[in-house]
2 protein chains.
Amino acid sequence: MSAEIWLTQLHENGYRLTDARRIVVETVEKSARALTPIEVYDIARKKYRALGLVTVYRTLEKLEELHLIQRVHQPLGCQAFISAGEGHQHLLLCQNCGQVAFFEGDDLDVLTKSIAKKTGYQISEHWLQLFGLCADCRPI
Amino acid sequence: MSAEIWLTQLHENGYRLTDARRIVVETVEKSARALTPIEVYDIARKKYRALGLVTVYRTLEKLEELHLIQRVHQPLGCQAFISAGEGHQHLLLCQNCGQVAFFEGDDLDVLTKSIAKKTGYQISEHWLQLFGLCADCRPI
DNA sequence: TTTGCTAATGAAAATCATTTTCAATAAGTA
DNA sequence: TACTTATTGAAAATGATTTTCATTAGCAAA
Ligand SMILES: [Mn+2]
Ligand SMILES: [Mn+2]
Ligand SMILES: [Zn+2]
Ligand SMILES: [Zn+2]
């Protein structure tokens with residue numbers, strides 16, 4: 001998924017392509033870790049001085065609405081965003097540098113069926129997130 | 001786990017037992033769903049008019065520090081707290097009424113080992129949360 | 001191209017959640 | 001009972017996010 005595709009998506013959904021949006025999209029899309037609005041602002045402003053923080057918020061909002069990015073929940077805060085995985089994927093986060101990896105193939109069917117039976121709940125969704133240390137941050 | 005035990009825990013950790021704390025503890029402990037600080041404040045103030053919102057924040061902070069409550073992350077916000085499960089447990093949330101059920105017995109060893117191998121991450125923690133409809137809210 | 005409509009922008013103000021400050025109060029120990 | 005000091009609530013401060021608004025610029029149509 002490249003920044004170009006995100007911009008196309010925005011355009012196809014009736015949003016105009018502006019310099020501010022291009023920079024925000026590029027910044028978020030190329031990041032290997034989740035970024036908060038302020039972080040996006042600080043990084044993006046190095047390339048586009050006039051950028052306003054409000055525009056960062058507004059652009060993130062639209063990207064989330066189009067499912068191009070997703071909010072990342074972490075122990076220290078839940079305001080950061082990362083590009084959304086394709087299909088059914090979950091996140092694996094490095095507790096040291098924040099680097100994000102996606103994974104898929106989790107099969108929780110047996111578990112959810114058993115829990116549904118025990119609790120009487122009708123289960124329709126799950127959140128799964130792994131934490132650890134990436135190859136770079138792992139002790140030798 | 002009863003409110004009495006929470007109060008004892010607070011006391012044993014050097015915190016004084018005050019009316020404000022008693023009401024906050026009772027409110028959070030008896031709730032079947034996660035409550036935000038404002039919700040705790042509104043409910044608790046029905047029994048203790050003079051309660052200040054700041055005290056709610058401060059008490060929740062201490063209860064979390066003693067692992068008696070835990071923060072609950074949800075799509076609409078991450079400021080709510082619920083009494084903490086005992087041992088290794090996860091949450092199952094009703095998307096309609098917010099009722100919380102705990103479950104345990106998830107075994108993610110096979111999955112995490114496989115993901116660790118694939119990604120090179122050293123995995124040490126996981127977040128798992130199920131969503132659905134509780135027995136009361138489920139369609140017939 | 002140029003034009004015209006209006007979505008998008010950034011600054012400033014407003015709002016909302018949370019934290020800090022502070023003087024008064026009350027818990028708990030001696 | 002008296003004393004020490006943690007705790008309280010009000011108010012102010014802070015920080016994040018949203019709203020307002022006048023100006024600018026994207027882009028579709030001429
Ligand atoms: Mn899954
Ligand atoms: Mn588990
Ligand atoms: Zn790392
Ligand atoms: Zn329910």
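Chain identifiers are assigned alphabetically (A, B, ...) following the order of the sequence lines, protein sequences preceding nucleic acid strands; residue numbering begins at 1 within each chain.
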Q. In degrees, rounded to 10°, what is the bend between the two ends of the helix from C:dT1-D:dA30 to C:dA30-D:dT1, using five pairs at each?
A. 40°
(Q) Using a 6.0 Å cut-off, check whether atom NE2 of A:His88 has over 12 heavy atoms from anything other than its own residue. (A) yes
Q | Integer-rounded Å distance: C:dT9 P and A:Ile23 CD1 | A | 12 Å
Q) A:Glu125: what forms a side-chain hydrogen bond (donor to acceptor under 3.5 Å, both in side chains) with it, not counting sequence neighbours? A) B:Gln95
Q) Linking Ile, Leu, Val, Met, Phe, Trp and Tyr through side-chain heavy atoms less than 4.5 Å apart, which residues share a cluster with B:Ile140? A) none
Protein-nucleotides 11-18 of chain D N/O pairs under 3.5 Å:
from	atom 1	to	atom 2	distance (Å)
D:dT17	OP2	A:Tyr57	OH	2.0
D:dT17	O5'	A:Tyr57	OH	3.0

Q) When we call it a touch if two heavy atoms are under 4.0 Å apart, what does B:Tyr41 touch: a base, just sugar-phosphate, or nothing? A) nothing
Pick out the pairs of N or O atoms, protein on one side and nucleotides 26-28 of chain D on the other, that lie under 3.5 Å.
from	atom 1	to	atom 2	distance (Å)
D:dG26	N2	A:Arg16	NH2	2.9
D:dG26	N3	A:Arg16	NH1	3.2
D:dC27	OP1	A:His11	NE2	3.4
D:dC27	OP1	A:Leu17	N	2.8

**Q.** d(CG, B:Leu10; C1', C:dA27) in whole Å
**A.** 14 Å
Q: May I ask you to list the residues sharing a hydrophobic cluster with B:Phe131, side-chain cutoff 4.5 Å, ordered by chain and number?
A: A:Trp127, B:Val72, B:Ile82, B:Leu91, B:Leu93, B:Val100, B:Phe102
Q: List in chain and number order the residues that pass salt bridge (Lys or Arg N to Asp or Glu O under 4.0 Å) with B:Arg33, two or more places apart in sequence or in another chain; answer none if no residue qualifies.
A: B:Glu39
Q: Could you check how far CG of B:Leu7 sits from P of C:dG28, rounded to whole Å?
A: 11 Å
Q: Could you check how far NZ of B:Lys62 sits from P of D:dT7, rounded to whole Å?
A: 6 Å
For residues 113-120 of chain B, which side-chain donor-acceptor pairs fall under 3.5 Å, sequence neighbours excluded?
from	atom 1	to	atom 2	distance (Å)
B:Thr119	OG1	B:Ile115	O	2.7
B:Thr119	OG1	B:Tyr121	N	3.2

Q: Could you tell me which residues satisfy side chain to side chain contact (heavy atoms under 4.5 Å, CB included) with A:Ile43, sequence neighbours excluded, listed by chain and number?
A: A:Thr27, A:Leu35
(Q) A:Glu64: which residues meet the side-chain hydrogen bond (donor to acceptor under 3.5 Å, both in side chains) condition with it, sequence neighbours left out? (A) none
Q. Who are the side chain to side chain contact (heavy atoms under 4.5 Å, CB included) partners of B:Asp42, not counting sequence neighbours?
A. B:Ile38
Q: Can you tell me which residue pairs pass the ring-ring contact (aromatic ring centres under 6.0 Å, His included) test with a partner in residues 17-59 of chain B, sequence neighbours excluded?
A: none
(Q) Angle between ring planes, B:His73 versus A:His73, binned at 30° and 60°: parallel, tilted or perpendicular? (A) perpendicular
Q) Within the pair A:Arg58 and C:dA8, is there a side-chain N or O less than 4.0 Å away from OP1 or OP2? A) no
Q.
Rounding to an integer number of Å, can you tell me how far B:Arg45 CZ sits from D:dA10 P?
A. 9 Å
Q.
Between C1' on C:dT18 and CD on B:Glu64, what's the gap in Å once rounded to a whole number?
A. 14 Å
